[in-house]
Protein chains: 2
Amino acid sequence: MKFEAVTIKHIAQELGLSTSTVSRALRDSHEISAATKKLVLEHAKKVGFKPNRIAQSLKERKSLSIGVIVSEIANSFFSQVINGIESIAYSHGYTVIIAQSMESADRELSNLEYLTSSSIDGLIISVSAETKNYSYLKKLHERGLPIVFVDRAIDDIETHKVIADNFKGAYKATKHLIQKGYKRIAILSNNSSLSISQERLDGYRAALQEAKIPVKENLITYCDHGGMIYAEVENAMKTLLKQRIKPDAIFAGSDKITTGCLKFMKQKNIRTPADLALIGFSNTDLTELLNPPLSVIRQPAFEMGQASASLLLSLIESKKLHTKFETRIQSTELLIRKST
Amino acid sequence: MKFEAVTIKHIAQELGLSTSTVSRALRDSHEISAATKKLVLEHAKKVGFKPNRIAQSLKERKSLSIGVIVSEIANSFFSQVINGIESIAYSHGYTVIIAQSMESADRELSNLEYLTSSSIDGLIISVSAETKNYSYLKKLHERGLPIVFVDRAIDDIETHKVIADNFKGAYKATKHLIQKGYKRIAILSNNSSLSISQERLDGYRAALQEAKIPVKENLITYCDHGGMIYAEVENAMKTLLKQRIKPDAIFAGSDKITTGCLKFMKQKNIRTPADLALIGFSNTDLTELLNPPLSVIRQPAFEMGQASASLLLSLIESKKLHTKFETRIQSTELLIRKST
DNA sequence: TTTATTTACGCAATCGTTCCCGAAGTTTTA
DNA sequence: TAAAACTTCGGGAACGATTGCGTAAATAAA
């Protein structure tokens, strides 16, 4: 089965013109007479001509498509980021190809190979929690592939970055817990090698130090797969609750970890916030319907997506080599509800 | 900035061969000697040759990409469907291009135009709630574009369809409510023109009739945008609750409508299930953490995605004209929790 | 009226691959 | 030993759109 599209050649033949004339007429070139232009345009519309993007790509040596790698599209934060990216990309005629790393370094690498072989013009990536070795990504960048980091960046690669104000978000959340009277605030952080984890941890530490509360290392735990695997949240929680003096509040470092904690508390019949308060980073819009309604730090995901797409397109469309890159830090929002 | 890739021509020149020989060697043609093959393959690996997919697409007249149109990727059901599609497509070397209609007929149409101009080899679509006019889609199908419907199908277009057993799902849910003693079961259906709405409504009616409960038309309401706009859920609920004899149970016809109902009940301080029971179609994995944990009908979304991708690839790769199409009906799962 | 300039179009190369032919050189068959 | 059949490779034409260059005809300038 083949899907026969109408080409410039067909139009040329039917109108008794050359393909170059038709092409130029369609692109509104000045060297085509008004009459011919009208003739071609009307005929093209009549037969439903759509330029073959593949041929255009080959000729122009660009694909008009950008790749996006996120950990999981089912994650509200990332689906909102993608919506932001698409809103910009589509309006500039770019296709968005989405790939999911599922927090796996292997899958990230194969996505990377896949996208580059699809000759994407640029890449927006939020690196996976597992990834330790960035050499492939770095090589791509050095070979000239425009890259923009969103949410999770790599210090080593100099390019545009769009991130939330993780420090301040974590700081505000921790401060809120302190003000509510919680004394032993534990943190379930995402993989320690991620930039966001470090920033959030720093915010957490800063708030504690400001309140003269000592930072206890045994209240800091990590979920190396960002909560993608429930067992790691479960283990982290168990370790925390096994201690002599149990924590009275939990600060969760990602969407998945936040809901994972809640799930754990439900299963163990831990009352929230009576027994244990809970706050976390989350962009789910179901958090207020949960039991109890969750206090969360919300990131401007859609806007972050838009910003990263704009920056990427500016990289792609600029001819010269970029040397100055910006890091856009967008502010987070603290939503206080029943869980704290 | 350009990203210079190594081509077959480079290899040919460096090895003193012709491009045709190199091409054939890479494709393991029988008419190339083992020695030459080895030479070419080793050199290709050394210089990191990756065939240009765009050129291949142009030559082969296929893009090795498939389009997917769903209402919203943030919707758990669809993100799971997409994961299923990707798992099959990627393993067959196909790129998946995702577009969101947001339940809007206009956006669906522009997505359609966009995807076809990207010369996709096939399309998997779950039509938007708003769409009434399928002529464009039908024309594409008649012109030979392989199409598979997932979840929401159109009777008018004869092709493969992968749907959940909506009738049985709705029947089981309604029967469950009846067994629990609910008498006045209202339904908040998705747009009435959708196939799934009709099927679910039929299941609802069948269960009531079986229990000899009269079907009251004033207990049947519609959310034309599938709950995408909260106001329509709100209105529907208000209308239902304004009646002399209020309903004692709600059956919600989609993910968004289900959570929309819960949100409404929360806002109005309606206790669930004491004042009003709630059950609905949903694939969110947060439903058990909600307040109260929601009883839901869950669809095998991932498997539905896999099935539709397999069917689409078989359509794409078969040379001859297909005349026999199948409709795969996959069974749903009833998860009973506190809300009923 | 002759020359210069502009207008409006066609020819052909190009992007990177694939593949139909044709043509050597080698081996097998009659 | 001559003809037939392989084997192994190169030339070159596609795929569809774009674009530099060339060139008639039409117009403007001299």
Side-chain angles (χ1 to χ4, degrees), chain A residues 2-41 43-44 47-65 93 95 116-121, chain B residues 2-41 43-44 47-65 93 116-121 143-144 319:
Chain A
K2 208 54 67 62
F3 176 69
E4 283 299 337
V6 32
T7 75
I8 258 184
K9 210 183 279 178
H10 294 138
I11 299 183
Q13 207 147 33
E14 285 158 19
L15 259 41
L17 293 168
S18 76
T19 59
S20 30
T21 305
V22 175
S23 172
R24 272 185 269 250
L26 291 168
R27 321 193 92 237
D28 201 27
S29 160
H30 67 274
E31 45 182 341
I32 300 297
S33 72
T36 311
K37 275 183 193 171
K38 205 179 127 201
L39 182 71
V40 171
L41 259 62
H43 188 78
V47 297
F49 170 78
K50 291 265 163 51
N52 183 319
R53 284 191 30 148
I54 295 190
Q56 280 180 324
S57 295
L58 182 61
K59 178 69 184 156
E60 301 299 311
R61 295 148 138 266
K62 54 183 199 168
S63 63
L64 281 178
S65 71
T95 306
T116 48
S117 88
S118 307
S119 19
I120 49 168
D121 293 338
Chain B
K2 207 55 67 56
F3 179 70
E4 283 298 338
V6 32
T7 75
I8 261 185
K9 212 182 279 179
H10 295 138
I11 298 184
Q13 207 146 33
E14 286 159 19
L15 258 40
L17 293 168
S18 76
T19 59
S20 27
T21 304
V22 174
S23 171
R24 271 185 271 250
L26 290 169
R27 322 192 91 238
D28 201 26
S29 161
H30 66 275
E31 45 183 341
I32 300 297
S33 72
T36 312
K37 273 183 194 170
K38 204 179 129 201
L39 181 72
V40 171
L41 259 61
H43 187 78
V47 298
F49 170 78
K50 291 262 163 53
N52 183 319
R53 281 189 38 150
I54 296 189
Q56 279 180 325
S57 296
L58 181 61
K59 180 64 189 168
E60 301 299 310
R61 294 145 138 266
K62 55 184 198 166
S63 63
L64 281 179
S65 71
T116 48
S117 87
S118 306
S119 16
I120 49 168
D121 293 338
R143 284 177 57 193
K319 303 276 172 265

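Residue numbers start from 1 in every chain, and the chains themselves are labelled A, B, ... in the order their sequence lines are given, proteins ahead of strands.
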A/Leu26 side, atom CG; A/Thr19 side, atom OG1 - distance, nearest 0.5 Å: 11.0 Å

Whole-Å gap separating C1' (D/dC9) and NZ (B/Lys38): 20 Å

Distance, rounded to the nearest Å, where B/Lys37 contributes NZ and D/dT8 contributes C1': 11 Å

Contiguous pairing runs of three or more, Watson-Crick or G-U under 3.5 Å, that involve DNA chain D: C:5-30 with D:1-26

CD1 on B/Ile11 to CG on B/Leu39, rounded to 0.5 Å: 10.0 Å

Distance, rounded to the nearest Å, where A/Asp28 contributes CG and D/dT19 contributes P: 14 Å

Short side-chain to backbone donor-acceptor contact, B/His10 and B/Thr7, under 3.5 Å: yes

Listed nucleotide nearest any side-chain atom of A/Ser33, set C/dA8, D/dG16, D/dC9: C/dA8

Separation between CG of A/Asn52 and CG of A/Leu58, rounded to the nearest 0.5 Å: 10.0 Å

Sugar-phosphate only, base, or nothing, as touched by A/Ile54 at under 4.0 Å among non-hydrogen atoms: nothing

B/Lys37 NZ to B/Arg24 CZ distance, which is reported to the nearest 0.5 Å: 11.5 Å

Audit row: A/Arg53, A/Thr95, side-chain hydrogen bond (donor to acceptor under 3.5 Å, both in side chains) steps and yes/no: CA-CA 11 Å; A/Arg53 284 191 30 148; A/Thr95 306; 2.8 Å; yes

Distance in Å, B/Leu64 CG paired with B/Ile54 CD1, rounded so as to fall on 0.5 Å steps: 12.0 Å

Reading 5' to 3' through nucleotides 17-27 of chain C, protein heavy-atom contacts under 4.0 Å coded B for base, S for sugar-phosphate only, - for none: BBBB-------

Atom pair distance, as rounded to whole Å: NZ in A/Lys62 and C1' in D/dT18: 13 Å

N or O in side chain of A/Arg61 less than 4.0 angstrom from C/dG16 OP1/OP2: yes

CD (B/Gln13) with more than 12 external heavy atoms under 6.0 Å: no

Sugar-phosphate, base or nothing in reach of B/Thr36, heavy atoms under 4.0 Å: sugar-phosphate

Sugar-phosphate, base or nothing in reach of B/Ile32, heavy atoms under 4.0 Å: sugar-phosphate

Under 3.5 Å: donor-acceptor pair, side chain of A/Ser18, backbone of A/Thr21: yes

